[in-house]
Amino acid sequence: MTTFTKEIHVRAATIEDKTSLLNLEQAVVEAERPFNAQIKTTAHYYDLDDLLINENAQVVVAEHKGTIIATGYVQIRQSKQSLTHSKHGYLGFMYVSPEFRGQALNQSIIQSLMAWAEPKGICDFYLDVYNDNQAAINAYQKLGFEPSLLEMKVNTAK
Ligand SMILES: CC(C)(COP(=O)(O)OP(=O)(O)OC[C@H]1O[C@@H](n2cnc3c(N)ncnc32)[C@H](O)[C@@H]1OP(=O)(O)O)[C@@H](O)C(=O)NCCC(=O)NCCS
């Protein structure tokens, strides 16, 4: 797909990447654990079998010397009937290995995902991020994302 630097290559993921992606999924879970005490010890976030083969989704990875160091997906979803757009792109699985952070690699992945969705008529994109995940919020704001819906929760167990 695109070349980020000489040594980092951004490409569409395939089903052969599933094992690596399952490991990176756990890295996202661990990165988010400090933001939500109710994440299960063994949590799974993504339906990779579907995301990797469904024509309504695209998973993109960045590779460095044969190792996947960054991920992301976009899935075309039906929007709420109350909105002016009937479909939107939902972005998820945003992860960059710690040693490669701060180089706008996530930005490159999101741009690649948007470039895949836009010719399909998608120009509205959404994602979820924890309020305290400032590094992620900074990365998304650089691409024009703005805070929108705020999820509120309470745990009433004694
Ligand atoms: C969120 C994430 C994907 C951003 O990727 P990235 O490629 O580093 O993004 P950017 O290079 O655009 O940097 C974004 C912000 O990361 C922070 N950052 C910069 N360098 C960093 C480094 N070396 N290490 C950690 N964070 C760094 C900064 O706050 C930066 O914002 P700033 O440049 O305005 O100061 C990455 O931090 C990550 O994988 N985090 C763990 C998983 C996660 O939380 N995913 C998001 C779920 S919603």
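Just follow the structure's listing: the first ligand is 1, and inside any ligand the first atom is 1. Note that these values count all heavy atoms, side chains included, but never hydrogens, waters or copies made by symmetry.
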Is it true that Y90 and D128 share a donor-acceptor pair across their side chains at a distance under 3.5 Å? yes
A side-chain contact here means heavy atoms from C-beta on lying under 4.5 Å apart; do Q58 and Q75 qualify? no
State plainly whether the residues K18 and D49 are in salt-bridge range, i.e. N to O under 4.0 Å. yes
Counting heavy atoms only, which of G102, A62, A70 comes nearest to atom 21 (C) of ligand 1? G102
Proximal ligand 1 atoms for E32, defined as those under 4.0 Å from one of its heavy atoms: 47 (C), 48 (S)
Just checking, any donor-acceptor pair under 3.5 angstrom between side chains of N138 and Q134? yes
Which of the atoms of ligand 1 are close to D128, meaning less than 4.0 Å from one of its heavy atoms? 48 (S)
What residue and atom, counting heavy atoms only, is the protein's closest point to atom 17 (C) of ligand 1, and at what distance? A135 CB, 3.8 Å
With V61, the side-chain contact (heavy atoms from CB on, under 4.5 Å) member among T14, L24, T67, I68: I68
Please work out which of A136, S97, G92 has its closest non-hydrogen atom nearest to atom 1 (C) of ligand 1. A136
Give yes if a backbone or side-chain nitrogen or oxygen of F100 is under 3.5 Å from a nitrogen or oxygen of ligand 1, and no if not. no
Any idea which atoms of ligand 1 are less than 4.0 Å away from a heavy-atom of L105? 7 (O)
Over-ring placement of R101 relative to Y95, 6.0 Å and 45° cut-offs: yes
Distance from atom 48 (S) of ligand 1 to nearest protein heavy atom, with residue and atom: Y140 OH, 3.3 Å
Of L24, N106, V29, the residue with the heavy atom nearest atom 4 (C) of ligand 1 is N106
F125 and H88 aromatic centres sub-6.0 Å: no
Quick one: which ligand 1 atoms are inside 4.0 Å of a heavy atom on A31? 41 (C), 42 (C)
heavy-atom search around atom 11 (O) of ligand 1 in the protein gives A104 N, 2.7 Å
Per-atom filter on ligand 1: closer than 4.0 angstrom to a heavy atom of Y95 are 39 (O), 42 (C)
Could you tell me the residue and atom name of the protein heavy atom closest to atom 37 (O) of ligand 1, and the distance to it rounded to 0.1 Å? R101 CD, 3.4 Å
Distance to 0.1 Å, residue and atom name: give those for the protein heavy atom nearest to atom 45 (N) of ligand 1. M94 O, 2.8 Å
Among all protein heavy atoms, pick the one closest to atom 35 (O) of ligand 1 and tell me residue, atom and distance. N138 ND2, 4.2 Å
Does ligand 1 have an atom under 4.0 Å from some heavy atom of V28? no
Are the aromatic rings of F93 and Y73 close, with centres under 6.0 Å apart? no
Any non-hydrogen atom of I109 lying under 4.0 Å from ligand 1? no
Note, V60 side chain near V10 side chain (heavy atom, < 4.5 Å): yes
Heavy atoms, side chains only, cut-off 4.5 Å: are L105 and I8 in contact? yes
Closest protein heavy atom to atom 44 (O) of ligand 1, given as residue, atom name and distance to 0.1 Å: N133 ND2, 2.8 Å
If we count only N and O atoms by modelled type, under 3.5 Å, do the side chains of Y140 and E146 hold a donor and an acceptor together? no
I'd like to know if R11 and D17 make a salt bridge, using a cut-off of under 4.0 Å between side-chain N and carboxylate O. yes
Which heavy atom of the protein is the closest neighbour of atom 34 (O) of ligand 1, given with residue, atom name and distance? K142 CE, 3.5 Å
